[in-house]
Amino acid sequence: MRRRRCNEVGRLPAVYPTRDFVEVGGLMSYGTNVMDAFRQLGIYAARILKGAKPADLPVVQPTKFDFVINLATAKALGIDVSPTLLARADEVIE
């Protein structure tokens, strides 16, 4: 059985939470940068291992977000992506 691309079944444009979906055929994603979140997790774990009490540590919100567009998918769906939107993207997959 062949694996289907994200937008291949219903041919509906969608925005996904992570870039992984866009890499396999999704139209676009906007969400937290996973590598940055892992880095923050490491910093948090190091503070706990050095003796900080977890209850005393502040809640950390994401600070870096990625906006990725897949132009091949946009073309397959018949969507024209504006140059302004392309300029705002962190990465454009062609």
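Both backbone and side-chain heavy atoms feed into the values below; hydrogens, waters and symmetry mates do not. Heads up: numbering here begins at 1 and tracks the sequence.
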Could you tell me if the side chain of Leu57 sits less than 4.5 Å from the side chain of Arg47, heavy atoms only? yes
Let me confirm one number: the CZ-CE distance from Arg19 to Met35, rounded to the nearest 0.5 Å. 11.0 Å
Passes side chain to side chain contact (heavy atoms under 4.5 Å, CB included), Thr63 versus Asp36? Steps please. CA-CA 8 Å; Thr63 57; Asp36 187 57; 3.6 Å; yes
Hey, does Val22 have a side-chain heavy atom less than 4.5 Å from the side chain of Ser29? yes
To the nearest 0.5 angstrom, please state how far the CG atom of Leu86 sits from the CZ atom of Phe67. 8.0 Å
As an exercise, state the distance from OG1 of Thr32 to CD of Gln40, rounded to the nearest 0.5 Å. 11.5 Å
Reference residue Leu85; test side-chain contact (heavy atoms from CB on, under 4.5 Å); the match among Val92, Asp80, Ile69: Ile69
dist Asn33:CG -> Phe38:CZ (nearest 0.5 Å) comes out at 10.0 Å
side-chain contact (heavy atoms from CB on, under 4.5 Å) against Gln61, all qualifying residues, sequence neighbours excluded: Val59
Closest heavy-atom pair and its distance - Pro13, Leu27: CB-CD2, 3.4 Å
Say whether Met28 and Ile79 are linked into one hydrophobic cluster, either directly or through other cluster members, by side-chain heavy-atom distances under 4.5 angstrom. yes
Closest non-hydrogen atoms of Asp66 and Asp90, given as atom of the first, atom of the second and distance, are CA-OD2, 3.2 Å
Treat each ILVMFWY residue as a node, draw an edge where side-chain heavy atoms are under 4.5 Å apart, and state whether Val34 and Tyr16 are in one component. no
Test your reading of the model: is there a side-chain donor-acceptor pair from Thr73 to the backbone of Gly25, 3.5 Å cut-off? yes
Plane angle bin for Tyr30 and Phe65 - parallel if under 30°, tilted between 30 and 60°, otherwise perpendicular: parallel
Connected via hydrophobic side-chain network under 4.5 Å: Leu41 and Val60: no
